[in-house]
Amino acid sequence: MLFKHPFLNLNMGLVKENFVIAKKDDKNFWEARGFKKIRKYPIFRYKPNSSEIIMLGVPLSIEAFGNEVLKNSHIVDVCTYCGTYGMGGPGFFGLKLQGEYGTRWLTYCIWSASEHILFDDNVLQCHPDYAEKYAPLIVFDDYANSLEKFKELLSDMAIKEVALSQESIEIMLVDSSDKLHYIKSYKCSDQFPEQGSTGKKRNSFEDGKMSDYWLVTYDETHLKV
């Protein structure tokens, strides 16, 4: 039965499930990674074709994966629209990392995460109404080009340190010239923009601690809220 699957309704921060649509021939590969097949999974009414299966796994928190393990990881991609709720996305922010462990995604699993991330003290994104006030690095009117420039900037960098507290995270990066850069977030900060729909600032999260909302997943898998 559907609701007896052990990896449904994980309640890891906002995340309910971590799923992959895999080829049947790759079932053993994903089982070795801890994933289990689910026969009926209510994700945008997707029905696997005859060569596919849907499997669920359990992501690791950033602490469980290990801050030390993340050191020296190289950034190979960036995404500002990770996650799904079936009819759209919550706007999680993800860094695709390459390290001795292989390839993983480190994802900030909060709604509109890029509005709550600072890179070298510049917010990544904000509603167009507040662009002049906050000067985001990724802009609504030129989203594709500005995102590509940000990706190119980070592609030269590796993680040097990760510092976590109950209400903050600081990811120290180093580029090929040994210059330091920082990705930061806080439970609340005056540097974060107002929401476009309300004109008010909001906390990044309400319950739990910062590390609850940074998850590590395998490439090709998806997070569902």
Side-chain angles (χ1 to χ4, degrees), residues 13-15 62 70 73-85 87-97 105-165 167-177 179-206 210-217 222-223 225:
L14 300 180
V15 172
I62 187 173
L70 289 171
S73 300
H74 286 268
I75 298 172
V76 295
D77 201 0
V78 177
C79 183
T80 63
Y81 47 85
C82 296
T84 178
Y85 55 83
M87 298 296 289
F92 295 166
F93 173 80
L95 295 171
K96 187 176 182 180
L97 304 176
W105 280 90
L106 174 63
T107 306
Y108 192 18
C109 301
I110 64 168
W111 292 91
S112 303
S114 294
E115 296 185 7
H116 291 249
I117 289 180
L118 304 174
F119 177 78
D120 290 347
D121 288 327
N122 295 296
V123 71
L124 292 191
Q125 288 185 280
C126 71
H127 190 276
D129 289 350
Y130 306 107
E132 185 175 349
K133 179 178 179 181
Y134 291 98
L137 295 176
I138 302 170
V139 296
F140 179 82
D141 292 338
D142 194 21
Y143 174 80
N145 287 330
S146 56
L147 176 60
E148 191 59 34
K149 288 180 181 178
F150 185 62
K151 287 183 179 183
E152 291 175 3
L153 179 64
L154 264 64
S155 68
D156 186 38
M157 300 183 190
I159 294 176
K160 187 176 178 66
E161 297 283 348
V162 178
L164 275 165
S165 73
E167 298 187 354
S168 69
I169 186 170
E170 179 181 285
I171 302 174
M172 181 190 297
L173 306 173
V174 60
D175 64 22
S176 58
S177 300
K179 183 178 178 180
L180 298 179
H181 303 267
Y182 296 88
I183 290 175
K184 300 178 183 179
S185 189
Y186 307 91
K187 182 175 182 179
C188 59
S189 172
D190 288 339
Q191 291 178 273
F192 296 155
E194 294 82 358
Q195 288 182 280
S197 58
T198 67
K200 298 178 181 179
K201 294 178 183 285
R202 65 174 175 86
N203 289 345
S204 299
F205 55 90
E206 296 297 337
M210 178 64 73
S211 60
D212 296 333
Y213 297 89
W214 288 83
L215 300 182
V216 178
T217 58
H222 309 275
L223 295 167
V225 299

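Remember, it's a predicted structure, so these values are computed and weren't measured experimentally.
Side-chain contact between Phe205 and Trp111 is absent, with no heavy atoms from C-beta onward closer than 4.5 Å. When side chains are defined from C-beta on, Met172 counts as touching Leu180, because their heavy atoms get closer than 4.5 Å. Here the side chains of Phe93 and Val78 are in contact, with some heavy-atom distance below 4.5 Å. At least one side-chain heavy atom of Leu97 sits under 4.5 Å from a side-chain heavy atom of Ile159.
When atom types are taken as modelled, the side chain of Thr198 and the backbone of Lys200 share a donor-acceptor pair closer than 3.5 angstrom.
Here the closest non-hydrogen pair linking Tyr186 and Phe192 is O-CE1, 3.4 Å. Across all non-hydrogen atoms, the minimal contact from Pro90 to Val225 is CG-CG1, 4.1 Å. The shortest non-hydrogen separation linking Tyr143 to Thr80 is OH-OG1, 2.5 Å. For the pair Phe92 and Gly83, the tightest heavy-atom approach, listed with the atom from each and the gap, is CD1-CA, 3.9 Å.
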Do Lys184 and Ser168 pass the side chain to side chain contact (heavy atoms under 4.5 Å, CB included) test, and can you show the C-alpha distance, the side-chain angles, and the key distance before you say yes or no? CA-CA 7 Å; Lys184 300 178 183 179; Ser168 69; over 6 Å; no
For the pair Leu223 and Thr84, evaluate side chain to side chain contact (heavy atoms under 4.5 Å, CB included) and give the outcome as yes or no after the intermediate values. CA-CA 6 Å; Leu223 295 167; Thr84 178; over 6 Å; no
The test is side chain to side chain contact (heavy atoms under 4.5 Å, CB included); show your working for Asp77 and Lys151 and say whether it passes. CA-CA 6 Å; Asp77 201 0; Lys151 287 183 179 183; 3.4 Å; yes
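In this structure, CG on Leu14 lies 7.5 Å from SG on Cys109, to the nearest 0.5 angstrom. Atom CD1 of residue Ile183 and atom CG of residue Leu95 lie 5.0 Å apart, to the nearest 0.5 angstrom. Expressed to the nearest 0.5 Å, how far CD1 of Ile171 lies from CG of Leu70 amounts to 8.0 Å. Here the OG-NZ distance, from Ser189 to Lys201, works out to 7.5 Å after rounding to the nearest 0.5 Å. Interatomic distance, Asn203 CG to Cys188 SG, rounded to the nearest 0.5 Å: 5.0 Å. Between the NZ atom in Lys96 and the OG atom in Ser73 there is a gap of 13.5 Å [rounded to 0.5 Å].
Using a cutoff of 4.0 Å between basic side-chain nitrogens and carboxylate oxygens, Arg202 and Glu194 are not scored as salt-bridged.
For Ser197, the side chain to side chain contact (heavy atoms under 4.5 Å, CB included) partners at least two apart in sequence or on another chain are Gln195. In this structure Ser155 satisfies the side chain to side chain contact (heavy atoms under 4.5 Å, CB included) test with no other residue, sequence neighbours excluded.
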Side-chain donor-acceptor pairs of residues 112-123 under 3.5 Å, sequence neighbours excluded:
| unit_1 | atom_1 | unit_2 | atom_2 | d |
| --- | --- | --- | --- | --- |
| Ser114 | OG | Gln125 | OE1 | 3.2 |
| His116 | ND1 | Ser204 | OG | 2.8 |
| Asp120 | OD1 | Tyr182 | N | 2.8 |
| Asp120 | OD2 | His181 | ND1 | 2.8 |
| Asn122 | ND2 | Asp120 | O | 3.4 |

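Relative ring orientation between Tyr108 and Trp214 is described as parallel, the plane-to-plane angle staying below 30° on a 0-90° scale split at 30° and 60°.
Under a cut-off of 6.0 angstrom, the local environment of OH in Tyr81 is sparse, with at most 12 non-hydrogen atoms contributed by other residues, nucleotides or ligands.
Tyr213 and Thr107 share no side-chain donor-acceptor pair at under 3.5 Å.
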